[in-house]
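Heads up: the structure comes next, in structure tokens.
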Amino acid sequence: MDKKIKVLIAKPGLDGHDRGAKVVSRALRDAGMEVLYTGIRQTPEQIVATAVQEDVDSIGLSCLSGAHNKLFPKVVNLLKEKGAGDVLVFGGGIIPNEDIQGLKDAGISEIFLPGTSTEDTIEFIKNNVK
Amino acid sequence: MDDLIDGLLSGKVRPLAKAITVVENDQPGKRELLKRIYPKTGNAYLLGITGPPGAGKSTLTDKIIANLRKQGKTVGVIAVDPSSPFSGGAILGDRIRMQQHALDDGVFIRSMATRSNLGGVAKNTVDVIHLLDASGKDVIIVETVGVGQDEVDIVRIAQTTVVVMVPGLGDSVQIAKAGVMEIADVFAVNKADRDGADKLFSEIRAMLDMVKGDIKPAIFKTVAVDDVGIEELVQGIYAHGERVVASGLMEKKLAEKAESELRAYLIDNIMERSTGLTIYDDVVKRVAAKEITPMDGVEEIFAGLEMMAS
């Protein structure tokens, strides 16, 4: 059996807008991936604990509240603490252009802004999951 | 491999999670891994939760976990969701109802996609149970996919099977049908605050009055979202477990379970060896051309296997 790519789509922070997260989840499913969606308002700790138990290949973080600079790097750091630093982390949401480089420096592999085709996200995951 | 096994046997999360991945995907090392942990299994209480889609299985599982944790028991959960027959992908969404336990070290939740396996669970569910069992979990809950009428594999896996029903899905003829309704050790009539719950309860009870046998299923009303009826349900589950042991049925159940596990691997193995034969494609072609029947084709394949063996 081929190993399926397993992705956790997670929403850290306090905003309740999960339309985008659901659209991405569905697109990844249709691309043959196994997608965990854990709902809105998850703490970085919950997200990382879930990712470790589920042994996911990748985490997609969606945040529309503006707290991405704090929450996204927190997830990456917690993953490293738990010995799961090899998990590919990407992000999306309402993220100002000037924040993107800082997030990448903090270990988030890619940021997908509104208007991104789901095809691009799928390609990115397929090409970068180890 | 040694680190993985030592880690999982001492209950560490990441080695357990990695070992499950090996087993779920039939990766190299699976056989060795299972061989090493198999003697350490058989201690956990295996609980199955099944029922139609939307009945509240995940929410009920969430509340059962909370109840078991109050009693100090550690819990492993396998939540099974369907794979797409078209893309092979899946949305694993059961866990969303159980995230209150995400940071509890005494709870390990793993989602599995069916990957087109019929029967309501994933193909390697039993092996994942073995790993959770060996890691020291007191209770292992398997939540099946939302089932229709005939996905009853859970009964060969679990010590106690809870069938979750909700009002509004049909009349008393549905209750009388064979299949899922017959495998319950315990019924939970969930969403019991809704219209029709009392009627459903009494219809199931009337059906149970006709059940022959020593151990009649118990039936409970629950409103899982409001945490109503969970305590009684969990007590009912344990009462069933005790009755199975007291009546001497446990050994029979374990033997059936062992045979069903063996049989699954046997079928896999025979298929793998058969399709690996050089004559296999030729046999398929001749069956398609109506030269031989499928039954005769099987005989030819088995003759081929015997030649390989001698």
Side-chain angles (χ1 to χ4, degrees), chain A residues 1-12 18 21-58 60 75 78-87 118 121-122 125-126 129-130, chain B residues 3 7 12-28 30 58 76-105 107-117 122-124 128 132 135 268 272:
Chain A
M1 196 186 297
D2 290 334
K3 188 183 178 310
K4 298 264 177 205
I5 295 177
K6 195 167 175 181
V7 184
L8 169 61
I9 298 295
K11 277 196 60 65
D18 66 348
K22 283 176 175 163
V23 167
V24 171
S25 298
R26 173 72 196 265
L28 299 184
R29 184 202 84 173
D30 290 342
M33 299 180 197
E34 292 182 347
V35 186
L36 280 147
Y37 178 57
T38 49
I40 57 173
R41 301 195 183 104
Q42 298 288 299
T43 65
E45 287 80 3
Q46 283 177 312
I47 291 166
V48 170
T50 300
V52 170
Q53 287 184 4
E54 298 281 354
D55 194 21
V56 297
D57 302 298
S58 179
V75 169
L78 284 169
L79 280 171
K80 284 181 190 152
E81 263 176 45
K82 302 279 179 193
D86 56 335
V87 174
T118 51
T121 311
I122 291 163
I125 296 170
K126 283 186 175 167
V129 158
K130 290 162 194 104
Chain B
D3 288 350
K12 290 206 182 93
V13 176
R14 191 153 158 85
L16 174 58
K18 285 282 173 196
I20 292 175
T21 302
V22 169
V23 161
E24 182 181 20
N25 297 300
D26 294 325
Q27 284 168 358
K30 174 177 175 177
S58 301
V77 179
I78 301 170
V80 189
D81 265 327
S83 296
S84 161
F86 305 111
S87 73
I91 299 276
L92 306 169
D94 290 329
R95 203 189 165 104
I96 196 168
R97 315 275 175 229
M98 309 175 200
Q99 280 303 84
Q100 61 160 320
H101 305 293
L103 297 179
D104 180 349
D105 290 338
V107 179
F108 184 104
I109 303 169
R110 182 71 172 229
S111 312
M112 292 181 84
T114 55
R115 299 185 180 170
S116 306
N117 193 55
K123 173 173 152 260
N124 290 324
V128 175
L132 289 168
S135 82
D268 258 18
E272 206 178 303

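Numbers restart at 1 for each chain; the letters A, B, ... are given by sequence-line order, proteins then strands.
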Check whether Val107(B) gets within reach of chain A through its side chain, its backbone, both or neither, counting any heavy atom under 4.5 Å. backbone

So which of Gln99(B), Met112(B), Gln27(B) has the largest heavy-atom pair count under 4.5 angstrom toward chain A? Gln99(B)

Kindly give the heavy-atom pair with the smallest separation between Arg95(B) and Leu36(A), and that separation in Å. CD-CD2, 4.2 Å

Does atom CG of Asp86(A) have more than 12 heavy-atom neighbours, drawn from other residues, nucleotides or ligands, at distances under 6.0 Å? yes

Search all heavy atoms of Lys18(B) against all heavy atoms of Asp55(A) and return the closest pair with its distance. NZ-OD1, 3.0 Å

Any chance you could measure Leu92(B), atom CG, to Thr38(A), atom OG1, to the nearest 0.5 Å? 11.5 Å

Comparing Gln46(A), Glu54(A), Arg29(A) against chain B, the one with the most heavy-atom pairs below 4.5 Å turns out to be Glu54(A)

When every non-hydrogen atom of Ala102(B) is compared with those of Ala49(A), the smallest separation belongs to O-CB, 3.4 Å

Pick whichever of Ser83(B), Ala113(B), Ser111(B) has the most heavy-atom pairs under 4.5 Å with chain A. Ser111(B)

CZ of Arg97(B): more than 12 outside heavy atoms within 6.0 angstrom? no

Closest non-hydrogen contact found for Val13(B) with Val52(A) is CG1-CG1, 3.8 Å

Lys12(B), NZ: over 12 other non-hydrogen atoms inside 6.0 angstrom: no

Residue among Ser25(A), Gly39(A), Ala31(A), Gly83(A) with most heavy-atom pairs under 4.5 Å to chain B: Gly83(A)

With no hydrogens and no angle check, is any side-chain donor or acceptor of Gln53(A) less than 3.5 Å from a backbone partner on Ile109(B)? yes

Select one option (side chain, backbone, both, neither) describing which atoms of Lys6(A) are under 4.5 Å from chain B's heavy atoms. side chain

If you draw a 6.0 Å radius around CZ in Arg26(A), do more than 12 non-hydrogen atoms from other residues or ligands fall strictly inside? no

